[in-house]
Amino acid sequence: MLKMRKIITCCLRKTFRPGSGLLPAVILGVVFFLSPGYAQQSEKTGAGIEQKKPSLADQWGIQVESLRSSANGHLLDFRYRVKDPDKATYLVDRRNKPYLIDQASGKVLAVPNTAKVGPMRQTVRSGKPKEDRVYFVLFGNPGGMVKPGSQVTVVIGDFKAEDIVVQ
């Protein structure tokens, strides 16, 4: 900003001679243009050009319900509601492995796979998930590494839900 003022001042001195009458009008215009209110206004209009990211409901057919600490902090319970069964089929497919990333530490948490029950997540054997039904995924949280209030990212294959706060 200071460099810009020096350039403008230098140009004005060389272009306009005293007594021409244009110098005060030009200085007033430059001061107005460089004033903070004008700069903020132009930044606000430029921000409207940014493209909006599609919501999870638009892209994946789900709505995130919650992510809660469970089992005395040893599990994280992720719940989502199916809004569009066709799009949400990808999330309940057994081939797409879910994991959770703690954004503060970068630690990756997986879904526990028990011998008798299998992976602790809800899937569909055949067909599509049911519309307006809530599905779950349980993530292991050894030692209570991720605490309530932490921001995490949930990933299931290509699906990614960022900045989810643990309740």
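We find the OG1-CG distance between Thr123 and Leu91 to be 12.0 Å, quoted to the nearest 0.5 Å. Interatomic distance, Gln59 CD to Asp158 CG, rounded to the nearest 0.5 Å: 9.5 Å. Atom-to-atom distance recorded for Ile164:CD1 and Ser150:OG is 12.5 Å, nearest 0.5 angstrom.
Asp84 meets the side-chain hydrogen bond (donor to acceptor under 3.5 Å, both in side chains) test with no other residue; sequence neighbours excluded. For the side-chain contact (heavy atoms from CB on, under 4.5 Å) test, residues two or more places apart in sequence or in another chain that qualify with Pro98 are Val111, Arg121, Val137, Phe139, Ile156. Contacts of Asp102 classified as salt bridge (charged side-chain N to carboxylate O under 4.0 Å, His left out), with partners at least two apart in sequence or in another chain: none. Looking at residues two or more places apart in sequence or on another chain, you find a side-chain contact (heavy atoms from CB on, under 4.5 Å) between Glu162 and Lys53, Gln103, Thr153, Lys160. Partners of Phe78 by ring-ring contact (aromatic ring centres under 6.0 Å, His included), not counting sequence neighbours, listed by chain and number: Tyr80.
Of all heavy-atom pairs between Ile62 and Ala88, the closest is CG2-CB, 3.9 Å. Residue Ser66 comes nearest to Gln167 through the heavy atom pair CB-OE1, 3.9 Å, listed as atom of the first residue, atom of the second, then distance. Between Leu109 and Pro142 the shortest heavy-atom distance is CD2-CD, 4.1 Å.
In this structure, Val82 and Val92 have side chains that are not in contact, with every pair of non-hydrogen atoms separated by 4.5 Å or more. Using a 4.5 Å heavy-atom threshold, the side chains of Ser70 and Leu76 count as separate. The side-chain heavy atoms of Val117 and Pro112, taken from C-beta on, include no pair separated by under 4.5 Å.
A continuous path of ILVMFWY side-chain contacts below 4.5 Å connects Val108 to Val155, so both sit in one hydrophobic cluster. Hydrophobic clustering (ILVMFWY, side-chain heavy atoms < 4.5 Å, transitive): Met120 and Ile101 are in distinct clusters. A continuous path of ILVMFWY side-chain contacts below 4.5 Å connects Leu67 to Leu56, so both sit in one hydrophobic cluster. Residues Phe136 and Val64 fall within the same hydrophobic cluster, defined by Ile, Leu, Val, Met, Phe, Trp and Tyr side chains chained together at heavy-atom separations under 4.5 Å. At a threshold of 4.5 Å between side-chain heavy atoms, the hydrophobic network of Ile, Leu, Val, Met, Phe, Trp and Tyr places Met145 and Leu75 in one connected group.
Listed by first and then second residue, the side-chain hydrogen bond (donor to acceptor under 3.5 Å, both in side chains) pairs that reach into residues 124-148 are Asp86-Lys128, sequence neighbours excluded. Every pair passing ring pair (Phe, Tyr, Trp, His ring centres under 6.0 Å) that includes a residue from residues 55-75 is listed here, sequence neighbours excluded: Trp60-Tyr90, Trp60-Phe159. A salt bridge (charged side-chain N to carboxylate O under 4.0 Å, His left out) check over residues 55-70, counting only residues at least two apart or in different chains, returns the pairs Glu65-Arg81. Residues in residues 95-127 take part in no ring pair (Phe, Tyr, Trp, His ring centres under 6.0 Å) pair, two or more places apart or across chains.
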